[in-house]
Amino acid sequence: MELSKNYLPATVEEKWYQHWMDKGYFRSKPDGRQPFTVVIPPPNVTGVLHLGHTLNETVQDILVRRARMSGYNACWVPGSDHASIATEAKVVDMLKREKGIEKSQLSREEFLKYAFEWKDKYGGIIYHQIKKLGCSCDWDRVTFTMDDHYYKAVIRVFIDLYKKGVIYRGARMINWDPKAKTALSDEEVEYKDIQGKLYHVKYPVTDAAGTPTGEFITIATQRPETIMGDTAICVHPEDERYTHLKGFYVTVPLVNRRIPVIFDTYVDKEFGTGALKVTPAHDINDYNLGLKHNLEIVDTLNDDGTLSEAAVVFVGEDRFAARKKVVVALEEAGQLVKEQEYTTRLGYSQRNPDTVVEPRISTQWFVKMAEMAKPALDAVVNGDVRIHPGDRFLATYKYWMENVKDWCISRQLWWGQRIPAWYTSDGSFEVAATAEEAVQQFAARGIQVSAADLTQDEDCLDTWFSSWLWPMEVFNGISNPGNEDINYYYPTSVLVTGQDIIFFWVARMIMAGLEYKQTKPFSDVYFTGMVRDKQGRKMSKQLGNSPDLLELIHEFGADAVRFGIMISSPAGNDLLYDNASCEQGRNFNNKMWNALKLIKMWEQRQEVDNTDANGHFAVKWFESRLNQVQQEVAALHQDFRLSEGLKALYSLIWDDFCSWYLEWIKPGFEQPISAAVYRKTIYFFEQLMQLLHPYMPFITEEIYQLLDNRAADDSLMMKQFTTPAQPVHSVLVEGALAKEVITSIRDARNKNQIKPKDQVVLHIETKHQHAFAQIENILAKQVNAKTINFVQEPVPGCINLVIQKDKFYIETETALDTSAQKATLLKDLDYLKGFLVSVEKKLSNERFVQNAKPEAVEAERRKKSDAEAKIAAIEESLKSL
């Protein structure tokens with residue numbers, strides 16, 4: 001079979017993914033093996049995967065494939081999240097844009113029909129992308145958070161927590177998204193620093209009878225459009241500017257409503273004018289002041305962010321348009337003192353990033369979080385759940401859990417699990433799975449109603465209230481507790497997720513797992529970093545800096561994309577994405593492909609002899625390097641340092657195998673290769689492909705299959721890792737010496753313009769001639785030396801080199817420029833003398849010698865000794881020039 005010039009990923013990827021699927025290699029069923037379970041963080045069904053998902057899915061696939069090849073029963077559950085706010089907004093926009101239909105024109109059932117159609121369309125796109133990336137998910141286990149069993153599980157948990165008193169209903173100040181027209185939890189508000197304005201406004205003072213006193217109280221506000229909702233002016237009781245105003249009132253500008261002057265230590269008398277307008281309906285702190293002083297609540301905003309009837313003026317105007325008009329009206333009334341530039345923090349809706357959140361009093365459903373948070377905090381602090389990298393995120397997790405607030409879980413939406421609360425006409429309610437159950441519960445209270453008399457709560461539940469059950473309910477652990485799957489696969493092994501949902505999802509899953517399974521939902525949490533562009537900006541559709549995954553795969557191939565995103569993504573750290581990293585991955589593919597073509601060329605040139613392949617130094621050296629890196633990669637995976645693992649394999653394959661080993665064993669022109677060495681080389685290449693397979697599954701499977709004739713069921717992805725032998729340290733040292741000597745001599749030949757075909761004589765002055773015994777033949781071949789001599793004194797008329805502690809003399813017929821050699825040696829000498837000074841300074845520091853680890857001190861002493869030896873060797877070489 002003739003191999004293509006370059007590796008062609010498209011046909012290879014399609015072929016092998018279908019093969020793996022046909023063979024059922026991704027499927028998992030409970031058996032006697034130890035499970036390795038991963039549940040995918042379900043992407044929202046609102047569009048296509050971005051590069052953050054690509055990183056996340058790639059990391060999971062690496063972990064799952066390596067576990068499968070390590071003897072575990074690997075189960076990776078795919079799925080998607082209904083994403084109530086985001087999806088409903090998309091569906092509403094689609095209906096208006098494509099069909100000219102407003103949501104208000106539809107019944108709930110009609111709207112949900114369109115929403116499910118959206119889910120079927122975009123859920124399919126997402127799964128297609130995940131497959132194109134090569135992800136080895138168990139596609140028989142796809143779960144959606146609105147599946148029938150999942151829906152029932154969410155309702156069951158809501159009812160259970162309500163009966164336990166953990167869920168309650170009440171009027172509270174909440175965050176309101178005027179665009180989505182729904183409540184948000186505190187965690188769904190993102191704060192941004194913006195440049196705004198502070199407006200200073202005069203309020204006329206009146207006495208108790210309503211007679212103007214001629215005085216004014218000036219307040220400063222960022223939100224003049226809320227002035228119409230003011231129900232008091234508050235000042236500090238010890239502020240001498242205002243103590244005479246006890247019992248007095250002020251008149252609210254524009255609406256001429258009389259409100260009291262109240263006194264409270266909450267006010268900072270040193271800040272601004274020391275007077276605070278109190279608008280209980282539109283600020284959490286004002287709301288608390290209002291409760292304390294029994295103030296009226298005037299809600300001047302509608303749910304869409306326009307001014308309500310209660311505002312009296314500018315009714316129906318958008319809040320920001322109204323702000324401008326209020327400022328103009330205040331100025332015309334002579335009550336605007338001044339405007340001032342002001343830096344402030346504004347809360348924006350996470351689901352509608354252009355929408356400013358409004359604090360609003362609303363009757364909603366809440367979860368009491370304090371009791372549930374404590375065991376979830378303990379599970380992480382005591383190491384039962386391990387966070388990677390813990391040094392970055394453990395403190396963040398602790399802070400949030402120690403300062404947790406009650407969770408607002410009701411949303412004014414139709415797309416989601418509908419709250420199972422049933423109301424009578426007078427507002428009484430019962431929480432039950434069905435209207436019939438609610439009727440029975442009303443009867444138990446002595447209230448006789450029929451199902452037809454009851455109305456179900458219009459709101460649905462926060463999306464996170466369903467996804468916190470994910471590790472359990474993907475195995476029907478809530479809807480069918482105690483089934484075989486939940487008992488076998490739970491708790492899961494590793495959760496791979498983004499750092500931005502540590503509170504929304506990670507902490508809440510731990511709470512839910514401890515509540516309903518009495519154990520953690522996973523053992524390890526691996527936080528990926530955020531993918532940014534090469535300018536450091538977060539990837540976003542608005543900036544247009546986020547590449548399309550399918551286009552990247554089309555251009556570079558899935559393996560190259562996986563390589564590109566993993567090579568620069570240490571755990572938890574943000575990564576700067578650049579297409580150049582995918583190009584590097586593509587070049588790596590071609591490097592391995594060319595190595596395959598070279599080796600296959602030797603297949604017909606094998607010579608059967610009686611030599612043992614292990615008698616060849618190159619074979620011995622590479623076997624030790626392979627064993628060394630196998631151990632290194634295993635340790636890196638244990639610590640979730642996957643990027644470092646890929647770098648180690650990249651260096652082993654590109655440098656050690658392709659650039660060194662294959663060159664060392666390469667037969668001469670039209671010369672045969674030892675059959676034993678050839679078979680060993682095939683074995684090495686297979687081992688390399690096996691190690692690399694979790695990172696780059698397609699090309700590794702293709703090369704593995706082409707290296708030898710395989711049985712139909714011989715697949716690399718199912719090939720089990722074996723325990724590597726211990727590397728031979730002395731062989732590794734000799735190999736490193738060979739590489740350094742060859743590189744230095746080639747460099748010297750180059751600088752002295754000695755042509756590659758011109759032979760030289762190499763003289764080596766060393767006290768350790770035995771160190772060169774096994775590598776002498778390789779040296780001669782690689783530097784084109786017709787002989788190698790070992791000498792005890794300098795050889796005149798040669799190119800002089802100092803490598804480690806040894807001196808090398810390259811004898812050539814080419815005329816030499818000793819001044820260039822001298823300049824190079826003097827440069828090396830200056831560097832080494834400076835290095836020696838820094839080492840001696842460190843060793844003369846008593847603090848370092850006493851406090852550092854003994855091995856660290858010994859390492860510095862070795863550096864000193866090596867530098868001194870090399871300095872002596874260079875000085876001798878300079879004398880001989």
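Within the structure, salt bridge (Lys or Arg N to Asp or Glu O under 4.0 Å) contacts touching residues 44-59 (residues at least two apart or in different chains) do not occur. Counting only residues at least two apart or in different chains, salt bridge (Lys or Arg N to Asp or Glu O under 4.0 Å) contacts with residues 731-744 comprise Asp656-Lys739.
Ile653 places a side-chain heavy atom less than 4.5 Å from the side chain of Met592. Taking 4.5 Å as the limit, every side-chain heavy atom of Ile775 sits out of range of all side-chain heavy atoms of Val741. Within the 4.5 Å cutoff, the side chain of Trp505 has heavy atoms near those of the Pro42 side chain. Side-chain contact between Met696 and Asn589: present, with at least one pair of heavy atoms (C-beta onward) separated by less than 4.5 Å. Counting heavy atoms from C-beta outward, Met69 and Pro694 have side chains that approach closer than 4.5 Å. Val525 has its side chain out of reach of Ile502: every pair of non-hydrogen atoms, C-beta onward, lies at least 4.5 Å apart. The closest side-chain heavy-atom distance from Asp138 to Val77 is not below 4.5 Å. At least one side-chain heavy atom of Tyr678 sits less than 4.5 Å from a side-chain heavy atom of Glu603.
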Legend entry - Chi angles and distances behind the side-chain hydrogen bond (donor to acceptor under 3.5 Å, both in side chains) call for Gln705, Glu701: CA-CA 6 Å; Gln705 298 293 337; Glu701 183 77 78; 2.9 Å; yes
Inset, instruction - Please lay out, stage by stage, how Tyr661 and Thr681 fare under the test side-chain hydrogen bond (donor to acceptor under 3.5 Å, both in side chains). - result: CA-CA 9 Å; Tyr661 172 76; Thr681 302; 2.7 Å; yes
Inset, instruction - Could you check Phe684 against Leu662 for side chain to side chain contact (heavy atoms under 4.5 Å, CB included), going step by step and ending with a plain yes or no? - result: CA-CA 11 Å; Phe684 287 153; Leu662 293 182; over 6 Å; no
Inset, instruction - I would like to know whether Ser493 and Tyr72 meet side-chain hydrogen bond (donor to acceptor under 3.5 Å, both in side chains); could you show each step before the answer? - result: CA-CA 11 Å; Ser493 304; Tyr72 291 90; over 6 Å; no
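In this structure, the ring of Phe556 has its center no less than 6.0 angstrom from the ring center of Phe563. For Tyr577 and His50, the ring centers are positioned 6.0 Å apart or more. Annotation: Phe622 is in aromatic contact with Phe657 [ring centroid separation under 6.0 Å].
In this view, Leu549 and Leu49, Thr54, Gln129, Leu133, Ile553, Val561 satisfy the side-chain contact (heavy atoms from CB on, under 4.5 Å) rule, not counting sequence neighbours. Under the side-chain hydrogen bond (donor to acceptor under 3.5 Å, both in side chains) criterion, Gln782 pairs with Arg746, not counting sequence neighbours. With sequence neighbours left out, Tyr127 forms a ring-ring contact (aromatic ring centres under 6.0 Å, His included) with Trp139. By the ring-ring contact (aromatic ring centres under 6.0 Å, His included) test, Trp664 is found to be paired with Trp621, Trp660, residues two or more places apart in sequence or in another chain being considered. When the salt bridge (charged side-chain N to carboxylate O under 4.0 Å, His left out) test is applied to Arg65, the partners found at least two apart in sequence or on another chain are Asp61. Take Asp639 and apply the side-chain contact (heavy atoms from CB on, under 4.5 Å) test, not counting sequence neighbours, and it matches Arg641. Under the salt bridge (charged side-chain N to carboxylate O under 4.0 Å, His left out) criterion, Lys647 pairs with no residue, sequence neighbours left out. In this structure Lys15 satisfies the salt bridge (charged side-chain N to carboxylate O under 4.0 Å, His left out) test together with Glu702, sequence neighbours excluded. Looking at residues two or more places apart in sequence or on another chain, you find a salt bridge (charged side-chain N to carboxylate O under 4.0 Å, His left out) between Arg33 and Asp31.
Atom CD of Glu14 is surrounded by 12 or fewer heavy atoms from other residues, nucleotides or ligands within 6.0 Å. For CG of Asp22, the number of neighbouring non-hydrogen atoms (other residues, nucleotides, ligands) closer than 6.0 Å is greater than 12. Heavy-atom contacts from other residues, nucleotides or ligands closer than 6.0 Å to CD of Gln759 number more than 12. Within 6.0 Å of atom NZ in Lys597, more than 12 heavy atoms from other residues, nucleotides or ligands are found, so the atom counts as buried in its surroundings. Summarising the local packing, CG of Asn777 is surrounded by 12 or fewer heavy atoms from other residues, nucleotides or ligands at distances under 6.0 Å.
Taking CD of Glu663 as the start and CD1 of Ile778 as the end, the distance is 11.5 Å to the nearest 0.5 Å. Rounding to the nearest 0.5 Å gives a distance of 9.5 Å between CD1 of Ile40 and OG of Ser80. With rounding to the nearest 0.5 Å, the separation of CD in Glu644 from CD1 in Ile567 is 9.5 Å. Rounded to the nearest 0.5 angstrom, Glu607 CD and Gln671 CD are separated by 9.0 Å. The line from CG of Asp806 to CZ of Phe808 is 5.0 Å long, rounded to the nearest 0.5 Å.
Between the side chain of Asn784 and the main chain of Pro756, a donor-acceptor pair closer than 3.5 Å is present. Side-chain atoms of Asp548 come within 3.5 Å of backbone N or O of Leu550 as a donor-acceptor pair. A donor-acceptor pair under 3.5 Å is absent between the side-chain atoms of Arg562 and the main chain of Pro697, judged by distance alone.
Each of Tyr704, Trp20, Tyr7 was checked for a ring-ring contact (aromatic ring centres under 6.0 Å, His included) with Phe698, and the lone residue meeting it is Trp20. Between His388 and the options Phe527, Phe522, Phe640, a ring-ring contact (aromatic ring centres under 6.0 Å, His included) holds for only Phe640.
Residues Arg605 and Glu670 approach most closely at NH2-N, 3.6 Å, considering heavy atoms. Scanning all heavy atoms of the two residues, the minimum distance from Tyr526 to Ser569 falls at OH-O, 4.2 Å. Shown here for Ile788 and Glu776, the closest heavy-atom pair between the two residues is CD1-O, 3.5 Å. Of all non-hydrogen atoms in Ser624 and Pro727, the two that sit nearest each other are O-CB, 3.3 Å. Nearest heavy atom pair, residue Gly498 against residue Thr528, reads CA-OG1, 3.9 Å. Nearest heavy atom pair, residue Pro43 against residue His53, reads CB-NE2, 3.8 Å.
Ring-plane geometry between Trp16 and His19 is classed as perpendicular, the angle between the planes exceeding 60 degrees on a 0 to 90 degree scale with a lower cut at 30.
With salt bridges taken as basic N to acidic carboxylate O contacts below 4.0 Å, none links Asp655 and Lys591. Taking 4.0 Å as the cut-off between side-chain N and carboxylate O, Lys620 and Glu623 do not count as a salt-bridged pair.
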Table please: side-chain donor-acceptor pairs of residues 716-724 below 3.5 Å, with sequence neighbours left out.
from   : atom 1 : to     : atom 2 : distance (Å)
Gln720 : OE1    : Gly71  : N      : 2.7
Gln720 : NE2    : Arg68  : O      : 3.1
Gln720 : NE2    : Met718 : O      : 3.0

